[in-house]
Protein chains: 2
Amino acid sequence: MKNSLKVQRAKQNITQAELAARVGVSRQTINSIEIGKYVPSTLLALKIASVFGTSLDDIFKLEESDWH
Amino acid sequence: MKNSLKVQRAKQNITQAELAARVGVSRQTINSIEIGKYVPSTLLALKIASVFGTSLDDIFKLEESDWH
DNA sequence: TCAAAAAGACAAGTTTATTTTACATTTCAT
DNA sequence: ATGAAATGTAAAATAAACTTGTCTTTTTGA
C-alpha cells in the first residue's frame with residue numbers, strides 16, 4: 001500500500017501538524033502514515049481525502065503485494 | 001459512515017461468502033461490515049472496491065456525525 | 001550566524017476496532 | 001415440509017491504529 005500524502009501536502013502547502021489538527025489526530029500519526037509505518041483507518045483516510053478535496057483512491061493505492 | 005455493500009453485491013449477484021473468499025476474509029467479516037457493525041480497514045475496503053470494479057469512495061461514505 | 005520555532009522521525013505502550021470462531025436464524029427451491 | 005444455502009449475532013482473540021514522549025533535523029527571521 002502506498003500513498004501520496006506528502007505530495008498532496010506539498011501541493012496544498014499544509015504541514016503535518018495542520019493536517020493532523022484538521023482531521024483530529026496527533027501530529028505523529030500523520031507522520032507515521034506518511035512514511036508508511038501503517039495505513040490509516042478508513043475513517044481517517046476518508047477525512048484526509050476530504051481535507052485535500054480529492055478521493056481516497058487518489059491518495060491511497062493498493063500494490064500487488066497487498067493481495068498476498 | 002455508511003456503505004452500499006449490500007447493493008453492490010446485489011448488482012453483481014455475489015454472496016457474502018463469495019465476496020469474503022475473493023478478498024481473503026471470513027464470511028462474517030463481510031456480514032458485519034454490511035450491517036454497519038464496523039468499518040473495514042482501508043486495505044480491506046480497497047480490496048472490496050477492487051472486486052466490485054469501483055472506487056472506495058463510491059462504496060463507503062462519510063457522514064456528518066463522523067466528524068464529531 | 002545563530003537561536004528559537006517548526007517539522008520530521010522513532011520507539012514503546014495503550015487502546016481501540018477489526019476480524020475470527022462458533023452458533024443461530026432465515027430464506028428458498030424442491 | 002425439509003434440507004441446503006445464505007444471512008445474522010455475539011463473545012473473544014488479535015492485530016493495528018493511534019498517542020505520548022523524546023530526539024533530530026530543517027527552516028526562518030532578527
Side-chain angles (χ1 to χ4, degrees):
Chain A
M1 173 86 78
K2 59 185 168 50
N3 73 74
S4 59
L5 250 185
K6 195 165 188 174
V7 173
Q8 292 290 340
R9 270 201 315 107
K11 273 188 188 169
Q12 314 226 0
N13 241 60
I14 294 177
T15 68
Q16 292 182 346
E18 197 175 334
L19 176 57
R22 293 189 61 184
V23 298
V25 296
S26 71
R27 190 175 58 77
Q28 290 87 335
T29 290
I30 298 298
N31 180 253
S32 295
I33 293 166
E34 202 160 301
I35 65 182
K37 242 185 138 181
Y38 61 78
V39 179
S41 68
T42 298
L43 187 65
L44 178 54
L46 280 173
K47 285 181 181 175
I48 291 172
S50 168
V51 164
F52 286 141
T54 181
S55 70
L56 187 152
D57 301 73
D58 196 44
I59 303 179
F60 299 91
K61 295 197 186 299
L62 284 179
E63 293 174 287
E64 183 51 34
S65 62
D66 291 321
W67 289 93
H68 300 337
Chain B
M1 173 86 78
K2 58 182 167 50
N3 73 75
S4 59
L5 250 184
K6 195 166 187 171
V7 173
Q8 292 289 341
R9 270 201 312 110
K11 273 188 188 170
Q12 314 224 2
N13 242 61
I14 294 178
T15 67
Q16 293 182 345
E18 197 175 335
L19 176 56
R22 293 190 60 186
V23 297
V25 295
S26 72
R27 185 181 58 74
Q28 288 88 336
T29 290
I30 298 298
N31 180 255
S32 295
I33 294 167
E34 199 160 304
I35 64 183
K37 238 185 139 185
Y38 61 80
V39 179
S41 67
T42 297
L43 188 65
L44 179 53
L46 280 173
K47 285 181 181 176
I48 290 172
S50 168
V51 164
F52 286 142
T54 181
S55 70
L56 187 153
D57 301 74
D58 196 46
I59 304 179
F60 300 91
K61 294 194 186 301
L62 284 179
E63 293 175 289
E64 184 52 35
S65 62
D66 290 320
W67 289 93
H68 300 338

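Note on naming: letters A, B, ... go to the chains in the order of the sequence lines (proteins, then strands), and numbering restarts at 1 for each one. Any value given below was found using the heavy atoms of this structure, including those in side chains, with hydrogens, waters and symmetry copies removed.
- The separation between B:Glu18 atom CD and D:dA5 atom C1' is 13 Å, rounded to whole Å.
- Looking only at distances, no side-chain donor or acceptor of B:Lys11 sits under 3.5 Å from a matching main-chain atom of B:Phe52.
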Per-nucleotide protein contact string for nucleotides 8-21 of chain C, where B marks a base within reach and S marks sugar-phosphate only (heavy atoms under 4.0 Å, - for neither): BBBB------SBBB
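- A:Asp58 places none of its side-chain heavy atoms less than 4.5 Å from the side chain of B:Asp57.
- No donor-acceptor pair under 3.5 Å is formed between the side chain of A:Ser50 and the backbone N or O of A:Leu46.
- Considering CZ of A:Arg22 and CD1 of A:Ile30, their distance stands at 11.5 Å, rounded to 0.5 Å.
- No side-chain donor-acceptor contact under 3.5 Å links B:Lys61 to the backbone of B:Ser4.
- Distance B:Ile30 CD1 to D:dT9 C1': 16 Å, rounded to the nearest Å.
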